[in-house]
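Shown next, in structure tokens, is the structure this report addresses.
Predicted model, so just to flag it, every value in this text is computed and none were measured.
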Amino acid sequence: MDYNFSEVEMKWQNYWRHHKIYQVDIDPAKPKFYVLDMFPYPSGAGLHVGHPLGYIASDIYARYKRLKGFNVLHPMGYDAYGLPAEQYAIQTGTHPAVTTEKNIARYREQLDKIGFSFDWDREVRTSDSAYYKWTQWTFMQLFQSWYNKRSNKAESIDGLINIFKSSGNTAVDASGGDIEIFSATQWNAMTEKQQQEVLMHYRLAYLADTIVNWCPALGTVLANDEVSEGLSVRGAHPVERKSMKQWLLRITAYADRLLTGLENIDWSESIKDIQRNWIGKSVGGSLRFEVPGSNEIIEVFTTRPDTIFGATFMVLAPEHDLVEKITSSNHREEVAHYVQRTKNRSERERMAEVKKVSGVFTGAYAINPFTNTKIPVWIADYVLMGYGTGAIMAVPAHDSRDFAFARHYNLPVIQVIKQKNEGPVDPSEWETSYDSKEGIAMNSGFINGMEVKEAIKAVVYEAEKRIIGTARTNFRLRDAIFSRQRYWGEPFPVFYKDGMPYLLDESNLPLALPPVDAFLPTETGEPPLARAINWKTADGYPLETNTMPGFAGSSGYYLRYMDPNNTEVYFSQEAVNYWENVDLYIGGAEHATGHLIYARFWNMFLFDIGLAVKEEPFKKLINQGMIQGRSSMVYRVNAEKMAEYMLWEELKERKLGVSFQKDFRDGSRKFDFFCEEAGIVIEVNKLKWLEKLAHPYLDYCSEKGYRLLLIPLRDFIDDFENVLQRIKTLIKGGEVPVFVAKKPLLNIPVFVSKNIPGREYFSDPIHVDISLVRNDILDTEGFKQWQPHLAESLFIKENGRYVCGSEVEKMSKSKYNVQNPDELIERYGADTLRMYEMFLGPLEQSKPWDTQGIEGVFRFIRKFWRLFNNEQNVFRVSNETASTEELKVLHKTIDKVEGDIERFSFNTAVSALMICVNELTELKCNKREVLEPLTVLISPFAPHLAEELWQLLGHEVSVVKQIFPELKKDYLVESTIVYPVSFNGKTRYKVEFPADLPVNEIEKLVLQSEEAQKWIEGKQIRKIIVVPQRIINVVV
RNA sequence: GCCCGAGUGGUGGAAUUGGUAGACACGAAGGACUUAAAAUCCUUUGACCAUUGCGGUCGUGCCGGUUCGAGUCCGGCCUCGGGUACCA
């Protein structure tokens, strides 16, 4: 009899559900703690063991915090809008809501089996109208807001309109707002449409013509973070650049706050770095270059104004407005051609050609305002329209791209920065440019001799004085494209009047996603919502047909969990004042440039308008590592190669007393093996071939006086010994029939076990479903039933078993290495799965999944059970007083486990519990005084087991409601210390001293000891180091 | 190219501030119990040398440094993983 985990686990899962054990409410008497998991997109494949890793960690932490007296908010929900369900809808006609519902049910079932402590009464789904009402509502607030750089926050657009009415936009300093100056009179004279157009430049959610990432295969635009290397992140379809009118969110207004905010949150440095790079702040200046002979001015952004004296040419992006205006007539054709070529190339092609230098001269010149020299203006696609001003001053001596361009087109290179303590070097001999920001200015007029930093300031100062430039900061971060031409997303609460977008009245929210007859664009290329019948307002104005992107619903979800069923407001102020923000957020690092930036932005905006109470949504972030798959391989044999290999292993090096040759040729004839001494010819092949060859071979052999042996491949697999026997007989001069058995091999697949010699020469690895493999041993019968063509498979085993190979790679269906938690729970139980996932290694590290180790945790769980129950599985806990030794084991473990949980070092916490159980088993301890606190201690890890034992111990209130065992430090104090004694840093022996023995006493005792003499012998003692409680080191 | 992170037994990993390297677990080998299997228990398990017992030498990717003492700190390199890519 043993611990019946499946019964116990089901019992407690039901108990938790019926008694709503994990339901939480605001409780001002307790401190709050908010533990959140990044919520999942419910995919059709269900959960594999990698998904719950983070959930288990957060669950352990949440349970721990509860035991520590915190009121813990630990919700779960679904990011239910998404492309896969919609792609499936396009293919099958199944409504994405149906697919999503089904997938969610499956997820829920899987999650419940693992025993999580989620408060399911707070579940949210982004596709639920009660939820997306608030996504739409937030969009409306963004539309109704602008970013005031003076107050450094979002403000109401109504306030802005009032300013315009009274004083125009001269005094307004807004993000965006790149629009000409107008006065109050001008504003008041504008038509409504004109006014709306102006406001569009200020709104935080705005409509604009932009160059977007268009993905034809998905039929939609994608945000920058949804594109990687010119392909869509979901599905890896090619992406093109295209100009379209789209909704955008003015996240760039928050660039600086998003950057500085990183300093105050407890996230990993690597994620912060990724965000810093993505935001990409560069400080520099903008400088204006006149184009003589025209009224045009080229404005450039540079981080190196100090190199202005080395600017020998200029480059515009091919899409730049000025290209058309300044190109001289004799270069027009060439330029037009180049512009066209750039347009036609996809992002991917452009990226693939990064190293290729290309560009054309426009025929125009600009004046370098500091040197007053005329420099040529080129266009080239290495200058991007989307960054800075879309134009650069090229300083080939100090920028590697400019350098490559100058070399390619033979443009002058002038050195203007030199290294300290070094003279100038002739640039014509350079192989690379000198890009470093360390150095001294030269050839640079008034800044000569200055350090780079100083020179930058001086040039900017001078430029501002002469009104030819200003200090400027640039960000790489782009405004977020917020429209998707898809069906399965939130509709915009927007209608169009006179071509301008207007918001619906709040009372119309939620604007429900309408039914459509197909989930495809219309014939005219409009998004699927254009198919909806009567998709217009009550007054007949057309509604927006785009939908919102995936990140819309996932950006503010954590706030909704605080008050998920509120129908009046997004969430109550009471709720947000209590729960504030997320204390611990666990999820994958792949969201670094998407969700984790959008959510911060979203939250900062809600903070600005007075809804959120904290500027940052996630105080502490932990990124769990990926769990890689461990694939199992079987080795499919190339029968001919194998037979030849096997035979050669026996024949070579005169192993049978005579010398054989391999691949022997005689004229046009070729034999696999030939022995001249004994006159033997051996041919190995498929039976069909041998039968065909038999006659000509026999003729040849009788002519030459050789004896012939033809061995069908099947013989090697069925009875290799017999094959060898026949050869030996031949060598001895005996007679054997040319053929023995006449069994054909047909196309029967043959598999060879991993450690059979020569395997790598005659077989190819093939992925096999890991469910057919246990501890690397293949279930051969199951394998035969796996796929029809394997039914007849033959196996070459080792020690009677077929051993598989393995490889660590991504967990994926096609590699048959997906480990789903349900199977493991069935075999070992949820508690074992939970502890094993933690035991696997540090949470943040990626590691391969390996089922072999799970046995150890399974044993531990049962060993734990056996502390409380005897061999007959009868509960036996004694009420005797525990010994000091037993209590020491307990408190040592409490100390270790508590510290480890606080540091999210769950793998070592599990180890500590294992050590504890090993030691208590050794002590045969079954005392309540020890086992009761231990049950509470293990409950965050193995909640089912803990609940059952807690009940057996006679308690009626769930272990969840208990208090974490109190550490009594007294038990940890050691009366004696075992000191390792080392000589010259090498440990030689150990010696025990009372813990409070003073250092000089220890020194004396050590030097006097017999043991030490052996090592000191004949040498002089130079020094002795005693670190109390730690080590003793003698230097001789 | 640039920016991060990581390299420790056959394997996953431990060593919290510079102080006994390899905890815990898997796997492997041997043994006990059993008609047998499962389960359980015991012993060994970094490498090399020695082996009757003792014991010794080497060892945390590589090279060098600081220190009484380095897996841990410093300098240089190698390999792997992640991010990013004409960002001026």
For A:Ser268 and A:Asn623, work out which heavy atoms get closest and say how close.
OG-OD1, 3.8 Å
A:Thr302, nearest nucleotide to its side chain (from B:C4, B:U40, B:A88)
B:A88
Cationic N near anionic O, under 4.0 Å, A:Asp895 to A:Lys892:
no
Which nucleotide, B:C41, B:U17, B:C26, lies nearest any side-chain atom of A:Arg859?
B:C26
Among A:Tyr828, A:Trp849, A:Phe941, ring pair (Phe, Tyr, Trp, His ring centres under 6.0 Å) partner for A:Tyr836
A:Trp849
Can you identify which nucleotide, out of B:A25, B:C41, B:A85, has its nearest atom closest to the A:Trp278 side chain?
B:A85
Closest to side chain of A:Arg866, choosing from B:G13, B:C41, B:A88:
B:C41
To the side chain of A:Tyr387, which of B:A39, B:A88, B:A14 is closest?
B:A88
Measuring centre to centre across the rings, with the benzene-like ring taken for any Trp, is A:Phe860 within less than 6.0 Å of A:Phe839?
no
Could you check whether A:Ile274 gets within reach of a base, just the sugar-phosphate, or nothing at all, counting any heavy atom under 4.0 Å?
sugar-phosphate
Selection from B:C87, B:G27, B:A14 that lies nearest to any side-chain heavy atom of A:Leu384
B:C87
May I ask you to say what A:Pro848 touches in the nucleic acid, namely base, sugar-phosphate or nothing, with a heavy-atom cut-off under 4.0 Å?
nothing
Measure the distance from CG on A:Asp273 to P on B:G5 and round it to the nearest whole Å.
8 Å
Side chain A:Asn1033 and base B:C68 donor-acceptor under 3.5 Å:
yes
So what does A:Arg862 hit on the nucleic acid, given a heavy-atom distance under 4.0 Å: a base, only sugar-phosphate, or nothing?
sugar-phosphate
Taking A:Arg478 for the side chain and A:Arg476 for the main chain, is one N or O donor matched with an acceptor at less than 3.5 Å?
yes
Does A:Asn907 or A:Asn277 map to a spot on RNA chain B nearer the 5' end, using the closest nucleotide for each?
A:Asn277
As a test of reading the structure: which of B:C24, B:C87, B:U11 is closest to the side chain of A:Phe839, going by heavy atoms?
B:C24
Checking all strands, does A:Gln845 fall into the base, sugar-phosphate, or nothing category for heavy-atom contacts under 4.0 angstrom?
sugar-phosphate
Salt bridge check: are A:Glu855 and A:Arg827 linked by an N-O gap of less than 4.0 Å?
no
A:Val1035, nearest nucleotide to its side chain (from B:C68, B:C26, B:U20)
B:C68
When you compare B:U57 with B:C41, how far apart are their C1' atoms, in angstrom units rounded to a whole number?
36 Å
A:Ile1025 near the nucleic acid: base, sugar-phosphate alone, or nothing, with a heavy-atom cut-off under 4.0 Å?
base
Base, sugar-phosphate, or nothing: which does A:Ser282 touch, judged by heavy atoms less than 4.0 Å apart?
sugar-phosphate
Can you tell me whether the side chain of A:Lys896 and the base of B:U16 have a donor-acceptor pair closer than 3.5 Å?
yes
Classified by glycosidic angle (syn within 90° of 0, else anti), B:G9 comes out syn
Taking only the side-chain heavy atoms of A:Ser270 (C-beta and beyond), determine which of B:A88, B:G12, B:C4 contains the nearest atom.
B:C4
What contact category does A:Asn918 fall into here, base, sugar-phosphate, or nothing, at under 4.0 angstrom with non-hydrogen atoms?
sugar-phosphate
Comparing A:Thr303 with A:Thr593, nearest RNA chain B nucleotide closer to 5' gives the residue A:Thr593
Which part of the nucleic acid, if any, lies within contact of A:Val1027, taking any heavy atom under 4.0 Å across all strands shown: a base, the sugar-phosphate backbone alone, or nothing?
base
